[in-house]
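Below: the structure, in structure tokens.
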2 protein chains.
Amino acid sequence: MNNLDESLLANIPPFRKLQLGQIREILDCATPKRFEVGTSVFEEGLDADRFYLLLDGHIRVIRTTPDGEQVTALYISSGQLFGIAAALGRSQYPATALTADECLTLSWPTRLWQDFVTKYDGFATESYKVVGARVDEMNNRIVEMATQQVEQRVACALLRLVNQAGKKVSHGVEIDFPITRQNISEMTGTTLHTVSRLLSAWEKSGIVASERRKIVVTNPHQLVLLSGT
Amino acid sequence: MNNLDESLLANIPPFRKLQLGQIREILDCATPKRFEVGTSVFEEGLDADRFYLLLDGHIRVIRTTPDGEQVTALYISSGQLFGIAAALGRSQYPATALTADECLTLSWPTRLWQDFVTKYDGFATESYKVVGARVDEMNNRIVEMATQQVEQRVACALLRLVNQAGKKVSHGVEIDFPITRQNISEMTGTTLHTVSRLLSAWEKSGIVASERRKIVVTNPHQLVLLSGT
DNA sequence: ATCCCAGTTTGATACAGCGCAAAGAGCGCA
DNA sequence: TGCGCTCTTTGCGCTGTATCAAACTGGGAT
């Protein structure tokens, strides 16, 4: 039992169609936890014993290659389930989840997944839609990496970030958490140098305005053109 | 009702744990169909109204970019489910399925998926494991494309093909369906020219032996070394 | 006020792999 | 037997990006 408010989940996909009483039940077995910037929620290879819902903040899901390079699999924004590999029959986490800013999560023991699926109508369907959307995004990234060159890929990556973590500001849309050139290079399979050069060029053309750890897209339309989609 | 044999499905993952009577029921609502080489089972963007099981042959799942380039998402070997996007909430096929050789499929109307899931214990779990494996493979490909260079990627692709469609022959392991340089380039995001050069070089080192539309890996170990994993 | 460090910018150089081009080579078909 | 199609091989020049190197900047800690 905890004192979280039902309305927290009422509008979030897998719970949206549930009744308040059911949401109450789910909340009562949830563990809330706050994570500082840059800490890990779970790590690649560990037993996938819990699944998570991100209530606030942004999470970077990364994989590390044998020689230590990092590749960003995806970014999670608030309101999304993550760490649900167990729902696809995996017993270990296939990736590491790092907080990109301060985060608030709810989590449940993995074994409850099956309970939720059988007990709450629509829970499974809605959850697997999340998986579907991610598979789709992964497919798109594969196509991108296979066919487009760096400038287009970086443009696509920026657009994805804007779509899922964009915050309107006076001069355009800002990416709502601290992000470095290095981070972007890890999303696109390039180097931070190349990303820096691209952003500099785009800044000159008035497409973006960036500072240290911060990017504002001032001309999204132009960015779409560059992305070649 | 049809005259297919229950043993067809008895050892295939989502059906493995079912009783023969249940398999019979499933078979009775299945439609078998044979496809010639190079024909399409379903196409990107069409209504995902059926899901499939590949009984025999090999299928190439591709996506086409706006400018007509093809990217191979994955290869399906016999015994695998495919076209199951609907299970993840998609109403259209996200890719096109082309036969790589002569194929035999069973298919069911999509609406039966939900029936199977509720009626047959373990069907859902086993099916989602298939999805899990594919997500995993996609993740690996993203990491590969982001960090490795062409030679390593092609080596990885070949190894994947060998693992899932390898047939032992006298001098090594042969890929069990016709495959062109072009096909491999579409799996790895390169050009057929580069693939051709690599295969020529590998042939000289005694790692592979290839002919027109045919590849035999004679020294898998060396290929693993090249793949850098 | 100063130091330090993480992040950024920019230049110079090298090279992997692409694009283009053209010549084989295997195979079905008439 | 020869034609035509698809697939393969190989050469050559070019260019997009990585790599190496070095300087700059802003902000937090002492």
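Being a predicted model, the structure only gives us computed values, none of them experimental.
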Return the set of residues passing ring-ring contact (aromatic ring centres under 6.0 Å, His included) with B:Y75 (not counting sequence neighbours), or none when no residue passes.
-> B:F177
Got a second to check how far A:I184's CD1 is from A:S196's OG, nearest 0.5 Å?
-> 10.0 Å
Could you list the residues that satisfy salt bridge (Lys or Arg N to Asp or Glu O under 4.0 Å) with A:R153, not counting sequence neighbours?
-> none
Distance, rounded to the nearest Å, where B:I184 contributes CD1 and D:dT9 contributes P | 10 Å
Apply side chain to side chain donor-acceptor pair (under 3.5 Å) to B:T190 and list each qualifying residue two or more places apart in sequence or on a separate chain.
-> B:T188
What string of B, S and - do you get for nucleotides 12-21 of chain D 5' to 3' if you count protein non-hydrogen atoms under 4.0 Å?
-> B----SSBBB
Please determine which of A:L104, A:T99, A:D56 meets the side-chain contact (heavy atoms from CB on, under 4.5 Å) test together with A:R34.
-> A:L104
Between the CG atom in A:D49 and the OG atom in A:S91, the distance rounded to the nearest 0.5 Å is 11.0 Å
Under-3.5 Å N/O pairs linking protein and nucleotides 6-8 of chain D:
{"from": "D:dT6", "atom 1": "O2", "to": "B:R212", "atom 2": "NH2", "distance (Å)": "2.1"}
{"from": "D:dC7", "atom 1": "OP1", "to": "B:R213", "atom 2": "NH2", "distance (Å)": "3.0"}
{"from": "D:dC7", "atom 1": "O4'", "to": "B:R212", "atom 2": "NH2", "distance (Å)": "3.0"}
{"from": "D:dT8", "atom 1": "OP1", "to": "B:R181", "atom 2": "NH1", "distance (Å)": "3.4"}
{"from": "D:dT8", "atom 1": "OP1", "to": "B:R213", "atom 2": "N", "distance (Å)": "3.3"}
{"from": "D:dT8", "atom 1": "OP2", "to": "B:R181", "atom 2": "N", "distance (Å)": "3.0"}

Checking side-chain contact (heavy atoms from CB on, under 4.5 Å) against A:L106, which of A:L54, A:L4, A:L81 comes through?
-> A:L4
Bend angle of the helix from C:dA1-D:dT30 to C:dA30-D:dT1 from five-pair axes at both ends, rounded to 10°?
-> 30°
Taking atom OG1 of A:T180 and atom CG of A:N183, what is their separation to the nearest 0.5 Å?
-> 3.5 Å
B:K214 bridged to B:D101 by N-O distance under 4.0 Å = no
Hey, could you give me the CD/CD distance between A:Q70 and A:Q182, rounded to the nearest 0.5 Å?
-> 7.5 Å
